[in-house]
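Structure, as structure tokens:
The chain is numbered in sequence order, starting from 1. For ligands, and for the atoms within them, numbers begin at 1 and follow the listed sequence.
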Amino acid sequence: MCGIVGIIGGEKGTNVVPELIRGLERLEYRGYDSAGIAVIGNGIERIRSVGKVANLRGKITDAMVGDLGIGHTRWATHGKVTEDNAHPIMSKDVAIIHNGIIENFKSLRFILQTEGYVFESETDTEVILHLLQRELLKGSSPRQAMSNVFKMLDGTFAVVAMFLHFSDTLLAMRHKSSLIVGLGKESMYVGSDAGALSDSCEEVVYMEDGDIVEMHRTDGIVFFNTELEEIKRRRHGVTSALVNIEKGEYPHFMLKEIKDQPNAIRNTILHNGIDKTLLDGISNILILACGTSYHAGMVAKYWFEKYLKIPSIVEIASEFRYRSPVIQEHTLVFSISQSGETLDTLAAIEYVRSNSNCSTIAVANVKNSATARASDIVFYTQAGVEMGVASTKAFTAQLIILASISFCHNDFLMDKLKEIPTLCEDALDLAPEVEKIAHIISKSNNAIYLGRGMMYPIALEGALKLKEISYIHAEGFAAGEMKHGPIALIDDQVPVIFLCPSGELFEKTLSNIQEVLARGKNVIVITDSNGEMAFPPDVAKIVLPTIQAEFAPILYSIPLQLIAYYAAVQRGTDIDRPRNLAKSVTVE
Ligand code: M6R
């Protein structure tokens with residue numbers, strides 16, 4: 001979603017324009033549809049553009065120079081994708097960028113318009129600009145203006161502002177939208193995530209809700225609360241993992257990340273010893289997550305109930321808080337989030353914390369991310385930075401953490417877990433075959449994914465991945481539910497992908513395959529070396545190595561990711577930045 005970068009150059013006269021553009025390029029992975037920068041040079045100068053940062057870069061001339069500036073990638077919420085709605089939003093002497101949503105913007109806009117303020121965009125952000133302007137006119141300092149405006153806003157916001165007449169100062173404020181201050185050798189930075197600042201910063205400070213920061217070129221950085229009382233915030237070293245993330249030999253981050261999985265899984269197993277007492281006295285488990293992470297939670301529910309014998313429920317985090325759920329005592333609450341910044345997941349954790357004394361565990365891929373900081377315990381997936389919008393290696397690494405907890409009392413399975421990276425390597429070797437099979441899918445406008453038991457959430461995940469990257473309409477169903485409705489969709493065109501590992505539910509899934517074959521012809525089966533003989537020779541097959549049944553969800557995810565990837569390549573979509581999607585979903 002929207003990305004923020006702000007820079008104060010170390011010395012007066014240092015041109016920050018190139019670094020602002022680099023910062024925006026590093027934010028591209030979050031997903032956006034327009035971009036812009038503004039600097040203080042000869043007055044405030046601004047350039048904005050619809051589409052990629054490359055378009056913006058193309059519009060910038062050598063004449064645009066400034067030693068302090070802000071940049072933004074916008075993922076449209078209020079107002080269409082137009083240059084007028086792109087940030088920075090500015091007046092003659094104030095420019096701002098904003099992530100989040102101002103929920104009371106309509107009433108504020110009305111008040112400001114009746115006072116004569118003229119709006120040039122359709123954005124909710126513009127009310128913040130005019131409110132700041134109004135405070136300055138009343139005689140407030142920029143710091144006082146930020147604090148006064150903070151109190152007028154409802155919703156979520158990370159805002160960075162610069163003021164023409166205070167040309168050494170950037171001000172920023174945070175309420176439920178991530179904002180990080182970075183300290184370089186000479187320059188100072190503010191960004192929506194550490195990735196935006198990484199190669200320039202030695203230390204970062206994670207702002208908290210209610211924080212305002214004033215960054216001054218020579219006087220340094222001071223944090224305040226909304227009462228303008230000074231507060232202390234801890235500085236963290238920047239991890240080298242964030243630096244220089246390149247595609248290397250791969251055409252897309254997504255393919256690189258799919259292929260990274262054996263290592264991501266190995267590292268996640270190595271780094272996460274589970275303390276068995278974690279589960280002492282626990283009578284229920286509640287899992288909160290969105291999207292792909294929710295699918296990881298669905299698999300975990302099977303594992304937790306079968307192996308830990310603890311009743312477990314998994315909830316879509318974006319729905320959870322709105323049904324006023326009752327949280328029983330002795331419930332252990334998991335949140336799962338790759339980014340650790342998903343607003344709905346964070347809000348669900350906050351609901352748990354305000355309505356119970358239950359312990360919260362975050363499974364996250366990003367160090368010190370919001371869900372990690374909001375929870376009692378954190379398990380970090382060691383997937384490394386995931387740049388592709390489609391979550392792949394973070395998903396299988398989440399499954400590894402959840403498996404390690406589920407099987408912590410079972411030495412046999414814990415041992416078997418260590419075999420997964422090698423089996424994943426074998427699965428990745430099938431990429432050329434999967435690429436051929438993807439042709440069946442890329443020619444179609446629809447696809448159906450079916451699986452039983454633990455393969456049901458993986459069918460949902462396979463369908464989500466295909467939708468996200470190739471824009472082909474895909475649905476996942478529990479295979480046993482076919483005859484209760486979805487079977488009406490079967491004709492001799494629609495590709496139907498069955499997840500059918502040998503084991504307990506093999507025969508039952510086989511019957512469902514027969515039911516589909518009787519009505520259509522485009523069946524693709526993903527099975528293993530023990531199961532493959534059961535299928536007629538004319539059925540398209542992907543044959544994976546045989547794996548311990550409990551771990552099949554991890555291994556079977558790999559061909560589904562590859563199917564989505566190759567189908568998208570064949571359709572020519574923008575794989576790492578699919579339309580309308582964002583990597584960190586920081587609004588509701
Ligand atoms: O960062 P999170 O894991 O909390 O993100 C949740 C979803 O937005 C995310 O999984 C989304 O579905 C991805 N685009 C999946 O590929």
For this session: Please determine if Arg579 forms a cation-pi arrangement with Tyr471, meaning its NZ or CZ atom is less than 6.0 Å from the six-membered ring centre and no more than 45° off the ring axis.
Result: yes
For this session: Measure from NZ or CZ of Lys367 to the centre of the six-membered ring of Tyr380, then state whether that distance is under 6.0 Å and the direction lies within 45° of the axis.
Result: yes
Problem set entry | Six-ring centre of Tyr32, Lys52 cation under 6.0 angstrom, axis tolerance 45° | yes
Exercise. Are any of the side-chain nitrogens in Lys301 or Glu315 under 4.0 Å away from the carboxylate oxygens of its partner?
Worked result: no
Exercise. What atoms of ligand 1 come within less than 4.0 Å of a heavy atom belonging to Lys465?
Worked result: 15 (C), 16 (O)
Seminar exercise, completed: Within 4.0 Å of some non-hydrogen atom of Val389, the atoms of ligand 1 are 13 (C), 14 (N), 16 (O)
Exercise. Judging by distance only, is a nitrogen or oxygen of Gln398 under 3.5 angstrom from one on ligand 1?
Worked result: no
For this session: Identify, by atom number and element, the atoms of ligand 1 in contact range of Ser337, meaning under 4.0 Å from any of its heavy atoms.
Result: 1 (O), 2 (P), 3 (O), 4 (O)
Exercise. What atoms in ligand 1 come closer than 4.0 Å to a heavy atom of Ser391?
Worked result: 15 (C), 16 (O)
Exercise. Given the side-chain rings of Tyr351 and Phe320, with only the six-membered ring counted for Trp, is the space between their centroids under 6.0 Å?
Worked result: yes
Problem set entry | Distance from atom 1 (O) of ligand 1 to nearest protein heavy atom, with residue and atom | Ser339 OG, 2.6 Å
Problem set entry | Backbone or side-chain N or O of Thr292 under 3.5 Å from ligand 1 N or O | yes
Exercise. What protein heavy atom is closest to atom 5 (O) of ligand 1, reported as residue, atom name and distance in Å?
Worked result: Thr342 OG1, 3.4 Å
Seminar exercise, completed: Among Glu468, Glu341, Lys467, the residue with a heavy atom nearest to atom 16 (O) of ligand 1 is Glu468
Problem set entry | Between His295 and Phe395, ring centroids under 6.0 Å | no
Exercise. Counting from 1, what ligand 1 atoms have a heavy atom of Ala390 closer than 4.0 Å?
Worked result: 16 (O)
Problem set entry | Electrostatic pair Glu208:Arg234 at N-O distance under 4.0 angstrom | no
Problem set entry | Least distance between heavy atoms, Phe551 atom then Leu413 atom | CZ-O, 3.5 Å
Seminar exercise, completed: Atoms of ligand 1 under 4.0 Å from any heavy atom of Val585, numbered from 1 in the order shown, are 8 (O)
Problem set entry | Cys290 neighbourhood, listing ligand 1 atoms whose heavy-atom distance to it stays under 4.0 Å | 6 (C), 7 (C), 10 (O)
Problem set entry | Aromatic ring proximity Phe334/Phe304, centre distance under 6.0 Å | yes
Exercise. By number and element, which atoms of ligand 1 are closer than 4.0 Å to a non-hydrogen atom of Ser293?
Worked result: 2 (P), 3 (O), 10 (O)
